[in-house]
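All remarks here apply to the structure that follows.
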Amino acid sequence: MTDAPPRLYLVAPEGADPEALMAPLEAALATGLVACLRLPAGADEAACRAMVNRVMPSCHSADVPLVVTDRPGLVAPLGLDGVHLEMLDESIKKIREAIGSDAIIGATGGTGRHRAMTLAEAGADYVTLGPISPDGSAAEGLAGDDLFSWWAEMIETPVVAEGNVDLATAARLKETADFLVPDPALVWSDPATMLVKFAKAIA
């Protein structure tokens with residue numbers, strides 16, 4: 001964890017149409033506040049390929065890494081920057097050997113320490129924790145603020161807060177999270193406005 005404010009990591013809406021996504025994506029990228037964009041796995045590989053091919057030029061023109069969920073086999077062929085492991089039960093070591101040392105490998109850590117630590121120790125470049133408790137207290141199925149404080153103190157691997165991240169949550173976690181995923185329901189409705197609001201909340 002550094003002294004710098006966390007950066008904003010966007011996750012594209014599940015099932016989004018590539019063409020319909022372009023206008024809000026361009027607005028988001030134009031703010032200069034996007035650190036990374038993650039695409040869902042898509043209904044099938046063809047749908048995922050179509051989405052990647054449509055949005056990648058804009059992301060790379062803005063110098064924003066583009067990663068895809070659970071499809072490591074597309075990283076090299078499509079020139080993606082990496083993969084995020086959400087449901088895929090495959091070893092990080094094997095994926096690293098397949099896609100190379102320069103590619104990003106992120107992974108969903110959930111709400112507990114053990115799984116998240118295991119992913120970090122296996123070589124994930126970042127681990128997500130969440131969904132986040134709305135009031136910051138630990139609860140069943142939710143990550144409390146104390147989990148992020150512990151991670152910032154004990155673990156070097158960057159941590160991403162994802163799930164239920166509104167402006168108040170972002171402000172609470174600005175000292176302990178390396179990246180924040182603003183709630184897609186909030187940010188994609190008006191990316192230019194909402195990203196600026198999130199940036200102010202974590203400044």
Side-chain angles (χ1 to χ4, degrees), residues 6-88 95 99 103-110 124-132 158-167 169-170 173 177-199 201-202:
R7 302 190 66 197
L8 301 176
Y9 177 138
L10 293 189
V11 175
E14 195 76 37
D17 175 77
E19 292 303 323
L21 183 63
M22 288 310 299
L25 175 60
E26 294 285 4
L29 295 175
T31 67
L33 297 170
V34 181
C36 185
L37 175 68
R38 182 166 94 226
L39 299 178
D44 52 42
E45 184 173 313
C48 187
R49 282 176 174 269
M51 177 66 84
V52 170
N53 289 333
R54 186 67 182 92
V55 306
M56 183 184 290
S58 294
C59 287
H60 285 180
S61 292
D63 199 26
V64 172
L66 180 64
V67 301
V68 67
T69 305
D70 287 344
R71 294 193 182 274
L74 295 183
V75 172
L78 297 185
L80 285 156
D81 297 289
V83 63
H84 179 87
L85 306 178
E86 188 172 73
M87 303 296 292
L88 190 65
I95 292 173
I99 67 178
I104 299 166
I105 299 179
T108 298
D125 293 304
Y126 69 81
V127 174
T128 67
L129 296 177
I132 318 301
V159 65
V160 182
E162 180 174 2
N164 301 333
V165 178
D166 57 14
L167 293 170
T169 302
L173 296 178
D178 296 284
F179 297 87
L180 298 166
V181 177
D183 188 332
L186 293 175
V187 77
W188 288 108
S189 60
D190 185 359
T193 299
M194 291 307 300
L195 287 175
V196 170
K197 288 184 177 181
F198 272 96
I202 60 180

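Here, residue 1 is the first one in the sequence, and each next residue gets the next number. All heavy atoms count here, side chains included; hydrogens, waters and symmetry mates do not.
With rounding to the nearest 0.5 Å, the separation of CG in Leu186 from CE in Met194 is 5.0 Å. In this structure, CG on Leu33 lies 6.0 Å from CG on Leu195, to the nearest 0.5 angstrom. Atom CG of Leu37 sits about 12.5 Å away from atom CG of Leu8, to the nearest 0.5 Å. Here Leu167 contributes atom CG and Phe198 contributes atom CZ; the two are 4.5 Å apart, rounded to the nearest 0.5 Å. In this structure, the separation between CG on Leu39 and CZ on Arg49 is 13.5 Å, given to the nearest 0.5 Å. Atoms CG and NE2, on Leu80 and His60 in that order, are 7.0 Å from each other to the nearest 0.5 Å.
The nearest pair of heavy atoms linking Cys48 to Leu74 is SG-CD1, 3.7 Å. Taking every heavy atom of both residues into account, Ala12 and Leu21 meet most closely at CB-CD2, 4.1 Å. When all heavy atoms are compared, the tightest approach of Thr169 to Ile132 is CG2-CG2, 3.8 Å. Considering every non-hydrogen atom in both Arg71 and Glu45, the closest pair reads NH2-N, 3.6 Å. The two residues Thr108 and Thr128 come nearest to each other via the heavy atoms CA-OG1, 3.1 Å. Taking every heavy atom of both residues into account, Ile95 and Val83 meet most closely at CG2-CG1, 4.2 Å.
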Query raised in the report: What do the steps show when you test Val55 against Met22 for side chain to side chain contact (heavy atoms under 4.5 Å, CB included), and what is the final call?
Result: CA-CA 7 Å; Val55 306; Met22 288 310 299; 3.8 Å; yes

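A donor-acceptor pair under 3.5 Å links the side-chain atoms of Asp70 to the main chain of Met87, judged by distance alone. Side-chain atoms of Asp183 never come within 3.5 Å of backbone atoms of Asp166 as a donor-acceptor pair (strictly under, hydrogens ignored). The closest donor-acceptor contact from the side chain of Asp125 to the backbone of Ile105 lies under 3.5 Å.
Classified by interplanar angle (parallel below 30°, tilted 30° to 60°, perpendicular above 60°), the ring pair His84/Tyr126 is parallel.
Within the 4.5 Å cutoff, no side-chain heavy atoms of Pro191 are placed close to those of Thr31. Within the 4.5 Å cutoff, no side-chain heavy atoms of Pro6 are placed close to those of Leu173.
Under a cut-off of 6.0 angstrom, the local environment of CG in Asp44 is crowded, with over 12 non-hydrogen atoms contributed by other residues, nucleotides or ligands.
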